[in-house]
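Here is the structure we will look at, set down as structure tokens.
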Amino acid sequence: MFEAKSLECVRDDRLLFNDLSFAVAESEVLQIEGANGSGKTSLLRILCGLRLPEAGQVLWQEESIISNREDYYASMVYIGHLPCVKGDLTVLENVRSLLDTRSLSLSNEQIEVALAKVGLASYEDVPGKALSSGQRRRILLAFIELSQAKLWILDEPLTALDVQGVTLMESMIMEHKQAGGSVVFTTHHGMQLECEMSSVQLGRRSRG
Amino acid sequence: MFEAKSLECVRDDRLLFNDLSFAVAESEVLQIEGANGSGKTSLLRILCGLRLPEAGQVLWQEESIISNREDYYASMVYIGHLPCVKGDLTVLENVRSLLDTRSLSLSNEQIEVALAKVGLASYEDVPGKALSSGQRRRILLAFIELSQAKLWILDEPLTALDVQGVTLMESMIMEHKQAGGSVVFTTHHGMQLECEMSSVQLGRRSRG
Amino acid sequence: MNWSEFFHMGGYAFFVWTSYAITFAVMLANIILPIVQRKKVIARIKRSIKREQIEQNREST
Amino acid sequence: MWHWIQRFSSPKHFYGMSAPLIKWFSVSALLLGVYGLYLGLFVAPTDYQQGESYRIIFIHVPAAWMSMFVYMVMAVSSGIGIIWQIRLADMVAAASAPIGASFAFVALVTGSLWGKPMWGAYWVWDARLTSELILLFLYLGYMALQSAIEDQRSADKASGLLAIVGVVNIPIIHYSVEWWNTLHQGATVTKFDKPSMHIDMLIPLLLMAVAFKLFYAALVLVRTRNEALYRDRNRRWVRELVERL
Amino acid sequence: MLKAYYHLLIRDLRLALRSRHELANPLIFFVLVVTLFPLAVTPTPDALQTMAPGVIWVSALLAVLLSLDRLFKLDYEDGSLDQLMLSPNPLMILVLAKVTAHWFLTGLPLVIIAPLLGIFMSLPAEAVIVLIYSLLLGTPVLSLVGAIGVSLTVAVNRGGVLLSLIILPLYIPILIFGANAVDVAADGLPVTGQLLFLGAVLALALSLAPLATSVALRITASR
Amino acid sequence: MLKAYYHLLIRDLRLALRSRHELANPLIFFVLVVTLFPLAVTPTPDALQTMAPGVIWVSALLAVLLSLDRLFKLDYEDGSLDQLMLSPNPLMILVLAKVTAHWFLTGLPLVIIAPLLGIFMSLPAEAVIVLIYSLLLGTPVLSLVGAIGVSLTVAVNRGGVLLSLIILPLYIPILIFGANAVDVAADGLPVTGQLLFLGAVLALALSLAPLATSVALRITASR
Ligand code: HEM
Ligand SMILES: Nc1ncnc2c1ncn2[C@@H]1O[C@H](COP(=O)(O)OP(=O)(O)OP(=O)(O)O)[C@@H](O)[C@H]1O
Ligand SMILES: Nc1ncnc2c1ncn2[C@@H]1O[C@H](COP(=O)(O)OP(=O)(O)OP(=O)(O)O)[C@@H](O)[C@H]1O
Ligand SMILES: [Mg+2]
Ligand SMILES: [Mg+2]
């Protein structure tokens, strides 16, 4: 379904990785591991087509994602280090405008169900700026949940989440896997998934 | 030595804490605990005198820190969520300009010793922008180490540090305590200190 | 003095009456806006009281 | 003494105390205003130089005076708020800004409507006009800063500081523009002769000036009450008060 | 696709309306800068009238320039821009939506307030009307071309002045024709030529700028 | 205390020198804006000369205005500003050091390049000399007063235009006197009065602005 072919990434003077290849099948969960600065974020941005690799390519259903962006983007969702939350919009409007980027028009009820699931019930009308950092991240969880994407690419999804939040994320990934979806993610904290999980290790040598 | 007297903090509509009092003696390590958004950062900024509490006051050697900033600041050091690292300055210059804010003039050798201790040996001449996030935080560790301050106030000191980094931070705190210094810190991850530690708990009710 | 002469203002009607009209409009706005604002503030406080009550009920059950 | 001020300036106390004042101020503003307008529009004689157009004076001059007076109120209460940490003073300052801005606006509009028949242009760049325009900008800056900073306390302190800095600036602007213009004395600067005040003109003018002051007093109280309600929205007294409404 | 355009436009307008002070800012800047000139130059009505077209146009241009960074900056900083670029809809459409919103929020208010300033600076009535037309045709071009510049500099830390370096040279033809039209109109001559030119530039910008902007955004995202 | 001043000044200058394009930016903006005017207005030498003092002064003012946010913005964003505020040295001294650095990096280059632009715009020699003096006295005030404004708005998201709304009214007296001095000098009249006024304002700003700025910074930090 999804395949990375001999990717190479260079930042400033440093070669972060080269000849990196892997594939992700349906119902597969893949963790990208590596120390600080080993290139996890860079890799994920390459997988999204946001960054071009120095060499190699990323394939989605046997086609390069660069030449086939629309299909690819219709079936994947990415969340990065950044919150994507507008302080001036309410929680509901925030989720809605994220869904708009994917041209999904859902009813308020559907969104409210998802918000309740991620622990933001009764927060629909609160503006983004009045949320704590953990609550902001939860808006993204609701977005992923509603995105109807097959492939999830998650960069440090546990950031700012407290213990309950971590459990929630874990169960969301499990559900998605059971529904036949795939997940690629990174994390510094342990994620306890009760399933098998492949992993890719970046930057063996860590300094300092 | 250091005392907080019935502090109150309100953000937007929410009362984060009120009537919060505690004291920190010499050789004492105090952890501020609490869920996301419970007000840890706000409390630490109040303890530094950066933010004014809605009520109550902070005392340093029986005097209010607001009326006595110079003495207080000469003997405390704070690191927050932000890196304080300039991309255009080298590691050495970064440490030096942090020390300049405290009017400390140390020799290059002294600084290099501290850099070696925090794992940045041979990085003296690398510009800040070429560092990974973990290495940036280590500059701050070197700064604390050299600051000659009695009181350390650390907000999430383990952020972005990998396993070795965490161990380093722990041993630095232990050493500081043995030398008669005090530490106030917050963290979401467990810090394993082999010593007794007092703690203050914020915001009992966590929502969502 | 007759009324039409009064409204004519010796040929300066446009300037005089526009001035007065704008002044009164601004004053009226100054009277109305705080009243509207007050209603909004009170409604907002009522809403947040209600929300807290709902939350309290949920916690106690 | 200090405690007395603290207690007296608590928003709760203010809220209770201000209600009757508003009534008195607004009723007397209305009465004086109506009487002043009657005298100004019907009784006062036609000016021999300016014809009827001078009747704009009865709103222009009080509004211009008020625009400066309100700024002083705003700056002084900002100062009190910053130095003595009295919240009520911050609220008064914040409540004054939109009122003062609207007075400045009225002075500008009526002035330029008066300018067309008198000077043949809606606008000339002379000292008084320019400093009034800048006064309006100072008000707008205050309001913009106030609404741009989320944290209420910082917003009050920051915009209060701006108001105080603005006070230093106002005389500087005034004299600089004046000097700049007199240096350039020429066809450009239309000097308007101060109309020799007939007593029948002076009385309505003064009546209107007092009416405007009372009007401001009533408005600022109403707005300060709103501010008090909003800022203390989590305190018990507001909660109880709102529940009774 | 039209829906995507519409949704994004609405979102941007709503965001701007939520923080109302933001809304007024480019306008106030425009008025302020225009008023700086009579203060700095001997304000005889004659001198004012000669300067007026240039001053108003330069100030409008600077106001647009300074408001440009709200086009992508915030979206870039909070990651929303990444999400837009991962949208299955063509990026050009989304860019066009954001530029439209930007024009509604800056260009249009400038067009509306400009006549007043023209009168303050003693422009004759015909010139004021041409001023409106020229701004109406010119400001969308400023937004469209500006978008290219911002998308290139959005990732640069202190982009402000860098942005003006990139953009100002591109703005110069519009400035020359716009100001010249008003100038000529003040002398009572016909100005169809200048306005036609501005119209042609607008058509050109409408067809090319969104493409250039989306290419530039892809380059910027590749960090 | 003097050492703290000196260290901070050196740090800021060094930082600016490291990113050299930053250094040139206000200067280039200044030159660009000044050249926009002859493009927008029919450039008879006479008209140019009447406009020149005003145009040069307004452009200098805008260049300083736009460069202001580098005064505290980056330090605020990366947390260095907090560290400065936790320094045992008086905050006023540190503010003064930063303002000095800002002036060296923007005001001084403007003063140096301005005569060239004056000559381009056919100003007579005496006026050019007065231009230099007036900028020399005026630009430090712009930096000092600007610092108050930036410190108030540094925490605000899209502070750019807000900053100009706050600052421009405060800049107006300096603009009037600076431009007027040059104007008067071009007519061959004495200008000691204006220069004395600028000097007095500078003294006032030097004694009050650092205090106001440090109060403003404490307010801003209290978030
Ligand atoms: C846009 C135009 C105008 C503006 C902004 C303006 C502004 C002001 C201001 C600020 C004052 C108060 C001055 C003080 O008390 O120190 C004032 C007073 C006054 N204005 Fe105007 N004005 C304008 C046009 C005019 C015109 C056209 C006239 C009449 C020809 C006029 C007549 C007066 C008079 C008689 C006073 C009272 C003078 C005094 O208190 O000594 N104004 N105006
Ligand atoms: N904008 C940039 N410019 C230059 N180099 C960069 C940039 N961002 C990152 N790097 C470098 O690229 C390397 C990889 O960065 P990346 O963000 O991919 O790491 P990561 O594995 O995600 O680290 P972390 O665990 O901190 O998120 C780092 O060593 C860093 O120095
Ligand atoms: N700038 C701000 N404006 C308004 N409210 C804020 C601001 N910053 C934080 N808050 C609110 O204050 C509360 C406490 O924030 P604070 O940053 O002190 O929490 P914290 O305990 O440090 O959380 P974390 O674990 O995420 O660091 C949060 O609920 C948040 O909503
Ligand atoms: Mg990363
Ligand atoms: Mg925190």
Side-chain angles (χ1 to χ4, degrees), chain C, chain D residues 26 29 33 37 40-43 46-47 50-60 62-63 95 98-99 101-103 105-118 122 212 215-216 218-234 238-239 241-243 245:
Chain C
M1 179 191 348
N2 75 31
W3 283 104
S4 73
E5 215 172 86
F6 174 70
F7 285 119
H8 188 242
M9 271 288 154
Y12 296 116
F14 169 74
F15 303 106
V16 174
W17 295 126
T18 328
S19 301
Y20 276 84
I22 289 177
T23 307
F24 283 110
V26 170
M27 289 191 163
L28 212 61
N30 261 319
I31 295 169
I32 292 169
L33 285 179
I35 295 176
V36 173
Q37 193 190 18
R38 182 184 155 85
K39 288 217 171 95
K40 272 191 191 157
V41 169
I42 288 176
R44 183 184 156 147
I45 297 171
K46 279 193 171 149
R47 233 182 300 132
S48 75
I49 291 176
K50 205 177 280 170
R51 184 158 60 208
E52 267 165 35
Q53 278 168 351
I54 291 174
E55 252 167 45
Q56 264 171 13
N57 290 344
R58 196 184 297 149
E59 266 167 36
S60 57
T61 53
Chain D
S26 45
L37 275 186
L41 291 180
F42 295 97
V43 177
T46 306
D47 188 80
Q50 311 191 9
E52 301 287 355
S53 74
Y54 91 95
R55 293 190 197 274
I56 295 177
I57 201 173
F58 301 117
I59 46 181
H60 169 72
I99 311 175
S102 55
F103 281 128
F105 177 75
V106 166
L108 282 168
V109 170
T110 54
S112 72
L113 280 169
W114 196 359
K116 186 68 179 175
M118 288 303 105
Y122 284 108
F212 269 51
F215 181 61
Y216 163 69
L219 282 182
V220 82
L221 289 180
V222 175
R223 279 188 183 266
T224 308
R225 278 158 67 90
N226 287 349
E227 295 282 338
L229 277 187
Y230 180 71
R231 291 173 192 208
D232 279 1
R233 59 192 178 276
N234 290 315
V238 172
R239 297 274 158 144
L241 194 124
V242 167
E243 269 167 358
L245 286 179

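Numbered from 1 within each chain, the chains take letters A, B, ... in sequence-line order. Predicted, not measured: the structure shown is a model, and the values here were computed from it.
The candidate with the highest count of non-hydrogen atom pairs below 4.5 Å against chain C, out of D:Leu37, D:Leu241, D:Ile56, is D:Ile56. Between chain C and the residues D:Arg239, D:Arg225, D:His60, the most heavy-atom pairs under 4.5 angstrom are made by D:Arg239.
If you measure heavy-atom distances from D:Leu219 to chain C, the contacts under 4.5 Å come from the side chain alone. Looking at D:Tyr216, there are no atoms closer than 4.5 Å to chain C (heavy atoms on both sides), in backbone or side chain. For C:Val26, the part lying under 4.5 angstrom from a heavy atom of chain D is the side chain only. At a 4.5 Å heavy-atom cutoff, the contact between D:Phe105 and chain C is made by side-chain atoms alone. Of the atoms belonging to D:Val106, it is side-chain heavy atoms, and not backbone ones, that fall under 4.5 Å from chain C. In this structure, chain D has a heavy atom under 4.5 Å from the side chain of C:Phe14, while its backbone stays farther away.
Between C:Tyr20 and D:Leu113, the closest side-chain pair of non-hydrogen atoms is not below 4.5 Å. Residues D:Arg233 and C:Val41 have side chains not in contact (no heavy-atom distance under 4.5 Å, counting atoms from C-beta outward). Side-chain atoms of C:Gln37 and D:Tyr230, non-hydrogen and from C-beta on, never get closer than 4.5 Å to each other.
Summarising the geometry, atom CD1 belonging to C:Ile42 is positioned 8.0 Å from atom CG belonging to D:Asn226; distances are rounded to the nearest 0.5 Å. Rounding to the nearest 0.5 angstrom, the gap separating the OG1 atom in C:Thr23 from the CZ atom in D:Phe58 is 13.5 Å.
Exactly one residue among D:Met118, D:Lys116, D:Arg55 makes a side-chain contact (heavy atoms from CB on, under 4.5 Å) with C:Phe15. That residue is D:Lys116. No option in D:Val109, D:Thr110, D:Ile57 other than D:Thr110 meets the side-chain contact (heavy atoms from CB on, under 4.5 Å) test with C:Ser19.
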